[in-house]
Amino acid sequence: MSNRIQYRRHGGPEVLEWTSFTPPAPGDHEVVVENKAIGINYIDTYFRSGLYPPPSLPAGLGSEAAGIVVSTGRAVRRVSPGDRVVYAQSAAGAYSESHIVHEDRLAILPDAISFEQAAASFLKGLTVQYLLRQTYQIKAGETFLFHAAAGGVGLIACQWAKALGAKLIGTVGSAEKAEAARQAGAWATINYREEDIAARLSELTDGQKVPVVYDSVGKDTWQASLDCLQRRGLMVSFGNASGPVTGVDLGILTRKGSLFVTRPSLFGYITTPEELDAASHELFTLLASGAIKTEVPENQKFALKDAALAHQQLESRATRGSCLLIP
């Protein structure tokens with residue numbers, strides 16, 4: 001027997017249930033991982049709320065964790081029992097003491113990186129990798145805007161931008177979060193509760209604006225993001241923290257300078273084991289060198305059975321950086 005978190009209906013954090021289950025045997029290309037640390041990501045709240053509905057209910061939650069391979073299917077070749085691994089694109093159900101994962105979704109975890117470091121950074125780090133290195137290739141000296149710079153993805157983006165020699169302008173919701181973003185490597189910050197985002201960005205760039213904006217907030221920042229872009233700039237909308245962007249008049253892109261918009265996801269950029277290995281190698285190199293640090297505060301580490309409390313804290317925007325569930 002093992003334990004996990006599941007939900008039988010959509011709603012707030014209160015729908016999350018702690019329950020026992022009997023793990024099935026792994027299929028030919030599947031691996032049983034004993035989770036040591038589990039990543040919490042904002043997208044998990046989208047599934048729980050029903051914004052992204054699962055195939056059926058009841059359903060598990062979460063796609064990211066780090067742990068040890070317990071057993072493998074007969075055709076598995078990428079990993080062996082006893083290997084330290086991390087994953088971020090599993091089928092839903094990572095909020096569990098053990099989880100079955102397809103071998104193609106696993107990356108071998110270097111000894112220099114702890115389970116907690118890996119679970120706190122893998123999905124977020126892979127997200128930053130595709131955003132800054134593939135969706136738009138950020139160059140040294142380039143200035144760009146990144147919303148929610150003190151969030152889990154944002155703090156990694158601040159550090160990655162610094163490693164690239166780029167100037168990240170980050171939006172934040174408090175002075176404390178502004179300081180966290182600057183310490184992580186943000187070139188400048190904009191407090192969206194006190195400042196007009198587009199006006200302040202124009203000041204920071206001497207009226208030049210930026211070639212690319214990364215926006216995980218969604219509805220509340222859509223207009224401001226467009227107003228921050230240079231002619232033929234790229235709007236990268238990769239999240240819906242304030243709600244989805246709907247009812248878009250495409251003509252606005254023409255009026256604001258023939259802008260481009262993309263709505264990417266990790267699953268559109270990392271689809272093969274080779275792509276996973278290449279992206280994770282780049283992330284692991286930065287983690288091992290110390291260029292990217294992922295220290296999780298003790299008050300943001302929750303027992304697995306307390307996943308509902310973790311979601312309450314996440315959605316209240318009381319957290320900074322990454323949160324973990326510990327089995």
Side-chain angles (χ1 to χ4, degrees), residues 124 127-239 241-242 245 248-264 286 291-292 317 320-321:
K124 300 173 184 68
T127 298
V128 174
Q129 194 279 336
Y130 88 73
L131 289 172
L132 303 193
R133 307 292 288 152
Q134 299 188 66
T135 304
Y136 180 100
Q137 293 187 7
I138 296 294
K139 307 173 190 65
E142 198 162 35
T143 304
F144 64 99
L145 180 66
F146 203 101
H147 286 290
V153 173
L155 288 177
I156 292 176
C158 289
Q159 295 174 81
W160 207 310
K162 183 178 180 180
L164 292 172
K167 298 178 179 179
L168 181 150
I169 299 173
T171 66
V172 295
S174 69
E176 180 185 17
K177 290 188 175 183
E179 179 62 22
R182 285 193 293 267
Q183 288 184 0
W187 176 68
T189 59
I190 300 171
N191 187 333
Y192 63 82
R193 298 187 189 277
E194 300 176 354
E195 300 174 289
D196 180 280
I197 293 172
R200 180 58 181 147
L201 180 130
S202 183
E203 292 176 0
L204 289 167
T205 60
D206 294 325
Q208 297 301 303
K209 301 186 179 182
V210 293
V212 61
V213 171
Y214 296 100
D215 190 337
S216 62
V217 178
K219 176 173 63 69
D220 287 355
T221 49
W222 166 255
Q223 185 68 49
S225 292
L226 297 182
D227 289 339
C228 290
L229 285 167
Q230 298 171 356
R231 181 169 58 95
R232 297 201 302 271
L234 176 63
M235 165 65 168
V236 183
S237 177
F238 69 101
S242 67
V245 176
V248 176
D249 171 15
L250 292 180
I252 195 173
L253 304 179
T254 299
R255 295 191 294 274
K256 291 187 178 295
S258 297
L259 303 179
F260 294 86
V261 176
T262 184
R263 183 62 172 87
L286 291 171
I292 290 178
R317 301 192 181 184
R320 188 180 72 194

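All values reported here derive from a predicted model rather than from experimental measurement.
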Please give me the minimum heavy-atom distance between [X] and [Y], naming the atom from each residue.
X: Phe144; Y: Ala161; result: CZ-CB, 3.8 Å
X: Ile138; Y: Ala166; result: CG2-CB, 3.4 Å
X: Leu234; Y: Thr135; result: CD2-O, 4.0 Å
X: Arg232; Y: Leu259; result: N-CD2, 4.1 Å
X: Cys158; Y: Ala181; result: SG-O, 3.8 Å
X: Ser242; Y: Gly218; result: OG-C, 3.7 Å

Between [atom1] on residue [X] and [atom2] on residue [Y], distance to nearest 0.5 Å:
X: Leu145; Y: Cys228; atom1: CG; atom2: SG; result: 5.0 Å
X: Leu204; Y: Thr143; atom1: CG; atom2: OG1; result: 9.0 Å
X: Leu132; Y: Leu168; atom1: CG; atom2: CG; result: 8.0 Å
X: Leu164; Y: Gln159; atom1: CG; atom2: CD; result: 12.0 Å
X: Met235; Y: Lys256; atom1: CE; atom2: NZ; result: 11.5 Å
X: Ile252; Y: Asp227; atom1: CD1; atom2: CG; result: 7.5 Å

Would you find a donor on one side and an acceptor on the other, under 3.5 Å apart, between the side chain of [X] and the backbone of [Y]?
X: Thr205; Y: Leu201; value: yes
X: Tyr214; Y: Leu131; value: yes
X: Ser202; Y: Ala198; value: no
X: Ser174; Y: Lys177; value: yes

Whether over 12 other heavy atoms sit under 6.0 Å from Arg231 CZ: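 Count not over threshold, so no.
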
Atom CD of Glu176 with >12 non-hydrogen neighbours under 6.0 angstrom: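 No, the 6.0 Å shell around CD holds no more than 12 heavy atoms from other groups.
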
Test side-chain contact (heavy atoms from CB on, under 4.5 Å) applied to Lys167 and Glu142, step by step: CA-CA 6 Å; Lys167 298 178 179 179; Glu142 198 162 35; over 6 Å; no

Quick one: are [X] and [Y] in side-chain contact, heavy atoms under 4.5 Å?
X: Trp160; Y: Arg133; answer: yes
X: Asp249; Y: Arg255; answer: yes
X: Val172; Y: Tyr192; answer: no
X: Leu253; Y: Val248; answer: no

State whether a side-chain donor-acceptor pair under 3.5 Å links [X] with [Y].
X: Asp215; Y: Ser237; result: no
X: Arg182; Y: Thr189; result: yes
X: Gln230; Y: Gln208; result: no
X: His147; Y: Thr171; result: yes

Evaluation steps, side-chain contact (heavy atoms from CB on, under 4.5 Å), between Phe260 and Val212: CA-CA 9 Å; Phe260 294 86; Val212 61; over 6 Å; no

side-chain contact (heavy atoms from CB on, under 4.5 Å) assessment of Phe238 paired with Tyr130: CA-CA 11 Å; Phe238 69 101; Tyr130 88 73; 4.1 Å; yes

side-chain contact (heavy atoms from CB on, under 4.5 Å) evaluation trace for Lys209 with Leu229: CA-CA 6 Å; Lys209 301 186 179 182; Leu229 285 167; 6.0 Å; no

